[in-house]
Asks: 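Have a look at this one before I ask anything.
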Amino acid sequence: MLNAREIENAIVEEIRLLLTGTDLVGVEIGSDCHLTRTLHLDSLMMASLLIALEGRFGRDPFLEDLSIADVASVGDLVRAYQPVAAAPALA
């Protein structure tokens with residue numbers, strides 16, 4: 001089971017990969033960073049991020065009650081993935 005810091009580190013790592021080649025390379029990314037306003041992730045980048053995180057954590061937290069529209073910051077993503085990272089991966 002991953003703790004919140006490990007989940008955040010994984011999310012930040014994936015965001016850094018997405019920002020490769022942009023003006024935001026090397027920007028400080030923390031839980032309060034807004035995904036679209038601060039990090040300038042567009043819809044394609046968000047989709048890529050979610051695909052990468054699903055591969056990394058083995059589940060998509062947005063299949064059930066949670067909506068991606070409720071996620072605005074890195075911290076929101078951490079909270080979304082906490083139950084997923086705690087659950088066993090689907091076969």
Side-chain angles (χ1 to χ4, degrees):
M1 180 165 99
L2 299 175
N3 64 38
R5 175 57 64 195
E6 293 167 324
I7 296 167
E8 182 175 333
N9 288 342
I11 291 169
V12 168
E13 185 177 317
E14 295 297 338
I15 290 172
R16 287 195 189 291
L17 289 172
L18 286 173
L19 295 178
T20 301
T22 72
D23 293 341
L24 295 172
V25 169
V27 70
E28 185 69 29
I29 301 174
S31 62
D32 60 336
C33 284
H34 195 278
L35 297 168
T36 56
R37 287 193 305 249
T38 306
L39 300 174
H40 304 285
L41 299 185
D42 60 22
S43 58
L44 182 58
M45 293 168 94
M46 283 296 295
S48 295
L49 176 60
L50 296 178
I51 290 167
L53 293 174
E54 182 178 353
R56 196 160 188 159
F57 297 121
R59 288 190 166 187
D60 180 356
F62 305 104
L63 292 176
E64 308 260 335
D65 298 329
L66 190 61
S67 170
I68 189 61
D70 297 327
V71 173
S73 69
V74 171
D76 292 339
L77 270 179
V78 171
R79 285 184 289 283
Y81 279 93
Q82 278 180 311
V84 172
L90 296 173

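Numbering starts at 1 and runs along the sequence shown.
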Asks: Between Val74 and Asp32, does a side-chain contact (heavy atoms from CB on, under 4.5 Å) hold up when you go through it step by step?
Replies: CA-CA 6 Å; Val74 171; Asp32 60 336; over 6 Å; no
Asks: Applying side chain to side chain contact (heavy atoms under 4.5 Å, CB included), can you list everything that pairs with Ser67, at least two apart in sequence or on another chain?
Replies: Ala69, Asp70
Asks: Can you find a heavy atom in the side chain of Asp42 that is under 4.5 Å from one in the side chain of Met45?
Replies: yes
Asks: What pairs with Arg56 under side chain to side chain donor-acceptor pair (under 3.5 Å), at least two apart in sequence or on another chain?
Replies: Glu13, Glu14
Asks: Locate the shortest heavy-atom distance separating Ala4 from Gln82; write the atom from each residue and the value.
Replies: CB-NE2, 3.1 Å
Asks: Taking distance alone, no hydrogens or angles, what donor-acceptor pairs closer than 3.5 Å link side-chain atoms of residues 16-28 to residues at least two apart or in another chain?
Replies:
{"residue": "Arg16", "atom": "NH1", "partner": "Val27", "partner atom": "O", "Å": "3.1"}
{"residue": "Thr20", "atom": "OG1", "partner": "Arg16", "partner atom": "O", "Å": "3.2"}
{"residue": "Thr20", "atom": "OG1", "partner": "Leu17", "partner atom": "O", "Å": "3.0"}
{"residue": "Thr22", "atom": "OG1", "partner": "Leu19", "partner atom": "O", "Å": "2.7"}
{"residue": "Thr22", "atom": "OG1", "partner": "Leu24", "partner atom": "N", "Å": "3.1"}

Asks: Which word best sums up how the rings of Phe62 and Tyr81 line up, parallel for under 30°, tilted for 30 to 60°, or perpendicular for over 60°?
Replies: perpendicular
Asks: Please report the interatomic distance CG(Asn3) to CD(Glu8), rounded to the nearest 0.5 Å.
Replies: 10.0 Å
Asks: Can Leu50 and Leu77 be said to form a side-chain contact (heavy atoms from CB on, under 4.5 Å), step by step?
Replies: CA-CA 10 Å; Leu50 296 178; Leu77 270 179; 4.2 Å; yes
Asks: Under the rule for side chain to side chain donor-acceptor pair (under 3.5 Å), what residues qualify as partners of Thr36, not counting sequence neighbours?
Replies: His34
Asks: What heavy-atom pair brings Leu66 and Pro61 nearest, and what distance separates the two atoms?
Replies: CB-O, 3.5 Å
Asks: Could you pull out all residues at least two apart from Arg37 that satisfy salt bridge (charged side-chain N to carboxylate O under 4.0 Å, His left out)?
Replies: none
Asks: Among residues at least two apart in sequence or on other chains, which ones pass salt bridge (charged side-chain N to carboxylate O under 4.0 Å, His left out) with Asp76?
Replies: Arg79
Asks: Once you round to the nearest 0.5 Å, how far does CG of Leu39 lie from OG of Ser73?
Replies: 10.0 Å
Asks: Tell me, with the steps shown, if Leu49 and Ile15 meet side-chain contact (heavy atoms from CB on, under 4.5 Å).
Replies: CA-CA 7 Å; Leu49 176 60; Ile15 290 172; 4.0 Å; yes
Asks: Taking a hydrophobic cluster as the set of Ile, Leu, Val, Met, Phe, Trp and Tyr residues connected by side-chain heavy atoms closer than 4.5 Å, whether directly or through intermediates, do Ile68 and Ile51 fall within one such cluster?
Replies: no
